[in-house]
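These numbers were taken from a predicted model, which means no experiment stands behind them. Lettering follows sequence order; numbering is per chain, from 1.
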2 protein chains.
Amino acid sequence: MQVSARADYALRAASELARAKVEGTGPLKGERIAAAQGIPKKFMENILLDLKHHGLVRTQRGASGGYWLAVPAAEITLADVIRAVEGPLANVRGEWPEAVEYTGSAEKLREVWIAVRASLRTVLETVTLADLVEGSLPPVVEGLTRNPEAWVHH
Amino acid sequence: MQVSARADYALRAASELARAKVEGTGPLKGERIAAAQGIPKKFMENILLDLKHHGLVRTQRGASGGYWLAVPAAEITLADVIRAVEGPLANVRGEWPEAVEYTGSAEKLREVWIAVRASLRTVLETVTLADLVEGSLPPVVEGLTRNPEAWVHH
DNA sequence: TCACCTCTCTACTGGTTCGGTAGGCAATAC
DNA sequence: GTATTGCCTACCGAACCAGTAGAGAGGTGA
């Protein structure tokens with residue numbers, strides 16, 4: 001259950017675009033975003049292109065060009081961004097959780113994967129880019145982070 | 001956010017061992033487990049060896065040998081099995097969620113990853129191998145699967 | 001003691017993915 | 001027309017993944 005560099009970079013870049021959107025400054029240049037978040041520039045261009053193809057981002061070329069969000073930051077969830085660059089949020093050996101076949105004592109595993117995906121969604125589909133910019137997460141998510149136990153790795 | 005073949009196989013094999021434990025039949029041979037779950041035998045031996053090294057499984061060699069759970073099935077969670085074969089449940093670009101540094105508008109991402117990990121844990125640390133065998137998941141997890149929306153992929 | 005069975009361990013391999021780079025092309029502004 | 005910026009495809013090395021191989025060690029039974 002790894003979060004790839006690609007997904008992480010995409011979210012960081014998107015958060016920069018969200019801030020620019022909220023603050024009303026114009027298009028952000030790739031150079032600026034990459035520098036602000038410490039992302040290799042060419043790699044990030046690649047990633048932002050994916051976001052553009054999925055309709056999350058708009059662009060303009062030329063001297064006064066750059067990138068900006070296609071819709072308000074509050075309408076883009078983190079799940080939207082991740083799906084744009086990585087495909088489905090959760091899958092089992094390359095298949096959708098509901099597509100995997102289990103036999104005998106393992107039968108309930110399918111439902112477990114469904115539950116896993118659902119729990120991922122409750123976080124990633126409720127947090128929006130606007131939440132990142134504002135610095136306040138939705139109550140459900142905030143609640144998960146309150147438990148000190150959540151901050152230790154096992 | 002992929003579930004690897006290794007983790008999937010580990011859980012399936014473990015569920016077979018759990019059933020044998022609950023039913024009180026003796027050690028299970030690798031051959032039997034592999035056949036029952038359709039797992040390549042040598043690959044599965046490899047995986048079960050990991051489970052053994054982590055103290056989840058005991059073994060005996062020879063004609064009347066086989067594999068069995070080291071502790072009752074109700075005391076082994078799915079998270080235990082996954083961690084034994086894959087390491088940490090969730091990490092961001094190879095690091096623990098709480099170790100990743102974010103700057104500016106991306107700062108809240110760390111808390112998001114913490115929440116993601118916490119939500120994974122609420123599923124994988126509550127379901128035990130005994131639950132799989134009995135065919136009844138804990139209420140919290142069962143609840144997640146009840147929502148029809150959880151069964152569609154986006 | 002011998003034969004046979006089953007797990008143990010290390011190494012290997014072929015293929016895919018991942019993170020990142022390169023470079024030419026297309027559009028925009030001045 | 002020229003400088004600037006994004007667009008797009010291709011490429012590359014390294015790591016990882018799924019699976020295989022095979023010799024060896026510990027058991028059992030005769």
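Residues A:Glu142 and A:Arg146 are paired through a salt bridge, judged by an N-O separation under 4.0 Å between the basic side chain and the carboxylate. Taking 4.0 Å as the cut-off between side-chain N and carboxylate O, A:Arg121 and B:Glu149 do not count as a salt-bridged pair. Taking the charged nitrogens against the carboxylate oxygens, B:Arg83 and B:Glu125 do have a contact shorter than 4.0 Å, which makes a salt bridge.
The only member of B:Leu124, B:Val127, B:Leu144 that meets side chain to side chain contact (heavy atoms under 4.5 Å, CB included) when paired with A:Val116 is B:Leu124. Partner of B:Ile82 under the side chain to side chain contact (heavy atoms under 4.5 Å, CB included) criterion, out of B:Leu11, B:Thr77, B:Val3: B:Leu11 alone.
The distance from atom CD of B:Glu45 to atom P of C:dA11 is 18 Å, rounded to the nearest whole Å. In this structure, A:Lys52 atom NZ and D:dT5 atom C1' are separated by 12 Å, rounded to whole Å. Look at CD on A:Glu31: it is 13 Å from C1' on D:dG6, rounded to the nearest Å. Taking atom CG on A:Asn91 and atom P on C:dT17, their separation rounds to 11 Å, with Å as the unit. Atom CD1 in A:Ile39 sits about 10 Å away from atom P in C:dG20, given to the nearest Å. The OH atom of A:Tyr67 sits 14 Å away from the P atom of C:dT28 (whole-angstrom rounding). The nearest whole Å value for the distance from the CD1 atom in B:Ile47 to the P atom in C:dT8 is 14 Å. Between the C1' atom of C:dC9 and the CG atom of B:Asp50 lies a distance of 12 Å, rounded to the nearest Å.
Judged by distance alone, the side chains of B:Thr128 and B:Glu75 never bring a donor and an acceptor atom under 3.5 Å apart.
For C:dC7, neither phosphate oxygen OP1 nor OP2 lies less than 4.0 angstrom from any side-chain nitrogen or oxygen of B:Lys29. In this structure, B:His53 does not reach the C:dT8 phosphate: none of its side-chain N or O atoms is under 4.0 Å from OP1 or OP2. Phosphate proximity of C:dT8 to B:Thr59: present, with a side-chain N or O under 4.0 Å from OP1 or OP2.
Taking a 6.0 Å sphere around CZ of A:Arg110, one finds it holds more than 12 heavy atoms contributed by other residues, nucleotides or ligands. For B:Arg32, the CZ atom sits in a loose shell: 12 or fewer heavy atoms of surrounding residues, nucleotides or ligands are nearer than 6.0 Å.
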Heteroatom pairs (N/O) under 3.5 angstrom, protein to nucleotides 28-30 of chain D:
none

Return a single string for nucleotides 11-21 of chain D, one symbol per nucleotide in 5' to 3' order, where B is base contact, S is sugar-phosphate-only contact and - is none, cutoff 4.0 angstrom on heavy atoms. -------SBBB
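Applying the ring-ring contact (aromatic ring centres under 6.0 Å, His included) rule to pairs touching residues 63-86 of chain A yields nothing, sequence neighbours excluded.
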